[in-house]
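See below for the structure under consideration.
First the proteins, then the strands, lettered A, B, ... as listed; each starts at 1.
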There are 2 protein chains.
Amino acid sequence: MPKNTFFNLPERKKTRILNAAIDEFSKNSYEKASITRIVNTANIAKGSFYQYFENKLDLFRHIFMISADEKLKYLKPTLDKMESEDFFTTLRNLYVAGIEFVKENYKLSQIADRLIKSNNENLKNKIFGETKPKSNHFLKELLLRGIKRGEIDPSIDVELVSVMLTNLSFTITEYYLKTNEKGIVTDDYSDLMEMVEKMIYTIENGIKIKGEDNNDY
Amino acid sequence: MPKNTFFNLPERKKTRILNAAIDEFSKNSYEKASITRIVNTANIAKGSFYQYFENKLDLFRHIFMISADEKLKYLKPTLDKMESEDFFTTLRNLYVAGIEFVKENYKLSQIADRLIKSNNENLKNKIFGETKPKSNHFLKELLLRGIKRGEIDPSIDVELVSVMLTNLSFTITEYYLKTNEKGIVTDDYSDLMEMVEKMIYTIENGIKIKGEDNNDY
DNA sequence: AAGTCATGTGACTAAAAAGTCATATTTTTT
DNA sequence: AAAAAATATGACTTTTTAGTCACATGACTT
């Protein structure tokens with residue numbers, strides 16, 4: 001947690017520092033990100049930085065929390081009306097909300113994306129603590145509910161499918177980040193929406209040809 | 001490319017150096033990997049290293065090539081009998097061969113995995129050159145053939161599905177690397193084989209309940 | 001006005017990195 | 001055996017990093 005001196009700072013100065021840090025961490029991995037560059041960009045002294053934050057990790061963790069909180073805001077509406085909607089509608093809405101978060105919070109997404117893909121297990125443990133990022137635990141619950149309701153094939157392996165679905169959500173995010181490299185923001189939702197639709201369709205129905213008898217034996 | 005002085009080295013010395021390097025790059029990202037540590041482990045002088053390799057990148061590229069060549073050896077049998085087998089058999093065999101490569105080349109897999117997940121686009125370009133890692137280009141061809149043969153639903157988006165399938169193969173590798181953290185090698189194939197089977201089944205059939213009429217309208 | 005406490009500062013330290021180079025040793029050629 | 005070419009060496013340079021610390025400045029209290 002940042003020190004009180006940081007929270008007591010005038011709003012403008014706080015955001016100046018955070019923006020400089022978000023910029024640096026979105027361009028560089030945790031290891032390569034430089035405190036020196038951040039303080040230069042934010043126009044504060046190196047010593048001041050250490051009045052505000054314990055160390056580099058303290059700053060990074062704080063920024064990651066901002067990103068997580070922000071993303072939750074996007075997912076909240078879907079989570080709230082989950083009860084009254086079927087599995088595939090909820091899944092579709094989650095994917096779409098995820099895309100919207102990335103669109104409107106490009107740098108924060110990059111930071112989170114980097115951390116998740118990072119092989120620095122030590123760092124990940126320090127950030128996630130013991131509460132591992134079980135977004136797929138949530139998907140598991142969703143799948144189980146879908147099975148109960150008769151929407152989902154009960155013979156699936158819930159654990160495996162939840163991992164697959166989590167991974168596919170990263171696929172979408174990555175796809176978006178790659179096409180919009182360097183922050184070129186197009187307002188062309190249609191491409192991504194089509195992508196989500198096709199992806200959901202594939203998850204629903206599979207890719208094997210139907211109707212005919214493909215005898216497996 | 002390493003210099004001739006490297007290739008002229010006695011076999012034992014060469015492997016000593018390569019093993020030290022593979023070890024270092026499997027434990028650290030390209031940026032964090034240290035030439036100093038490699039030369040210490042390999043018991044050669046810093047100056048000697050630069051007689052063998054142009055620089056750090058030269059060494060890393062060489063090791064990545066070793067990994068790619070090695071993996072191809074595992075995939076080759078499947079690719080050779082591709083013509084005579086149906087889509088899902090080929091896909092299954094590719095996934096299984098991928099797992100076997102990871103099992104038997106733990107460190108090399110980690111290095112390749114790290115590079116693919118890396119956000120250092122500059123590095124990736126230098127390694128992959130213009131020939132981007134189009135393992136999914138190959139999957140596209142495979143899918144198109146499957147459609148022609150009447151095995152695959154022709155209404156799918158070939159491009160998207162190939163990305164999904166490529167991603168799922170990473171999911172498997174990651175899953176294996178995570179469960180076998182720190183190189184603990186179990187001979188328990190069954191878990192992974194079951195995982196591949198279930199994954200293929202899901203890709204084939206989707207997860208929506210079949211038989212009933214879920215009217216979408 | 002004096003004193004106290006919070007905040008601001010940038011030169012500095014220590015550690016680590018990639019890469020260099022003058023010199024020494026070994027191997028090959030004549 | 002002598003000369004030449006190839007290879008080996010590790011101290012050194014330069015750069016960059018996170019973090020520290022003695023001191024300066026500002027604000028609030030008595």
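Contacts with DNA chain C (heavy atom under 4.0 Å) in residues 19-41 of chain A: none are found.
Residues passing the side chain to side chain donor-acceptor pair (under 3.5 Å) test with A/N119: none are found, sequence neighbours excluded. Applying the side chain to side chain contact (heavy atoms under 4.5 Å, CB included) test to A/K14 and every residue at least two apart in sequence or in another chain returns A/F6, A/L9, A/E11. Taking the ring-ring contact (aromatic ring centres under 6.0 Å, His included) definition, one finds that A/F88 meets it with nothing, sequence neighbours left out. Residues forming a side chain to side chain donor-acceptor pair (under 3.5 Å) with A/T89 (at least two apart in sequence, or on another chain): A/D86. Listed by chain and residue number, nothing satisfies the side chain to side chain donor-acceptor pair (under 3.5 Å) test with A/S169 (two or more places apart in sequence, or in another chain). Legend: residues meeting side chain to side chain donor-acceptor pair (under 3.5 Å) with A/K46, ordered by chain and number and at least two apart, are A/T36.
With values rounded to the nearest 0.5 angstrom, A/Y74 atom OH is found 15.5 Å from A/N93 atom CG.
Residue pairs meeting the salt bridge (Lys or Arg N to Asp or Glu O under 4.0 Å) criterion with at least one partner in residues 75-85 of chain A, sequence neighbours excluded, are A/K76-A/D80, A/E83-A/R145. Listed by first and then second residue, the salt bridge (Lys or Arg N to Asp or Glu O under 4.0 Å) pairs that reach into residues 52-62 of chain A come to none, sequence neighbours excluded. Residue pairs meeting the salt bridge (Lys or Arg N to Asp or Glu O under 4.0 Å) criterion with at least one partner in residues 19-42 of chain B, sequence neighbours excluded, are B/D23-B/K27, B/D23-B/K107, B/E24-B/R37.
Between the CZ atom of A/F60 and the P atom of D/dA18 there is a distance of 13 Å, given to the nearest Å.
Base pairing of D/dT30: its partner is C/dA1, meeting the Watson-Crick or G-U wobble criterion (both donor-acceptor distances under 3.5 Å).
Using a 4.0 Å cutoff to heavy atoms of chain A, the contacted part of DNA chain C runs 5' to 3' from C/dT7 to C/dG10.
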Table of protein N/O atoms under 3.5 Å from nucleotides 5-9 of chain D N/O atoms:
{"unit_1": "D/dA8", "atom_1": "OP1", "unit_2": "B/K13", "atom_2": "NZ", "d": "3.4"}
{"unit_1": "D/dA8", "atom_1": "OP2", "unit_2": "B/Y52", "atom_2": "OH", "d": "2.8"}
{"unit_1": "D/dA8", "atom_1": "N7", "unit_2": "B/Q51", "atom_2": "NE2", "d": "2.5"}
{"unit_1": "D/dT9", "atom_1": "OP2", "unit_2": "B/S48", "atom_2": "OG", "d": "3.3"}

